[in-house]
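Contents: one structure, followed by commentary.
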Amino acid sequence: KALGLILKDSNDNKAAYLPIEAFQTTLDGDLVWIVTIKWERDDEVGAKLGHIRTFVFDQKNLKQVGFVTCT
């Protein structure tokens, strides 16, 4: 389900997303998923998925509780 939310974000941002890893851990005592993706905008000619993003989701309700990206 978390991957579905991430892929929806890729469609909203018109970007190519490739999930590369997922980890289960805790944040403030709650179980979370940390999912890292490689990404590129669709307007970058010759792009090679050189960007990275990390999403963090609470496992109970799939609320996004963290996000980091390069520019």
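Just the heavy atoms: all of them, side chains too, but no hydrogens, waters or symmetry mates, feed the values below.
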Hey, could you give me the [atom1]/[atom2] distance between [X] and [Y], rounded to the nearest 0.5 Å?
X     : Y     : atom1 : atom2 : answer
Ile6  : Asn11 : CD1   : CG    : 12.5 Å
Lys60 : Leu62 : NZ    : CG    : 12.5 Å
Leu49 : Trp39 : CG    : CH2   : 10.5 Å
Trp33 : Leu3  : CH2   : CG    : 9.5 Å

For atom CG of Asn61, is the number of surrounding heavy atoms from other residues, nucleotides or ligands below 6.0 Å larger than 12?
yes
Sub-4.5 Å side-chain heavy-atom contact between [X] and [Y]:
X     : Y     : result
Val35 : Thr54 : no
Val32 : Val65 : yes
Glu40 : Tyr17 : no
His51 : Ile37 : no
Thr36 : Pro19 : no

What verdict does the side-chain contact (heavy atoms from CB on, under 4.5 Å) test give for Phe55 and Ile34, after you've listed the backbone C-alpha separation in whole Å, the side-chain angles of each residue and the deciding distance to 0.1 Å?
CA-CA 6 Å; Phe55 294 81; Ile34 299 174; over 6 Å; no
Quick one: do Asp9 and Arg53 satisfy side-chain contact (heavy atoms from CB on, under 4.5 Å)? Show the steps, please.
CA-CA 11 Å; Asp9 184 74; Arg53 284 189 172 159; 3.9 Å; yes
Verdict with reasoning, Lys63 to Phe57, per side-chain contact (heavy atoms from CB on, under 4.5 Å)
CA-CA 5 Å; Lys63 178 182 174 188; Phe57 295 96; over 6 Å; no
Where the side chain of Gln59 meets the backbone of Leu31, is there a donor-acceptor pair that is under 3.5 Å apart?
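It does not hold such a pair.
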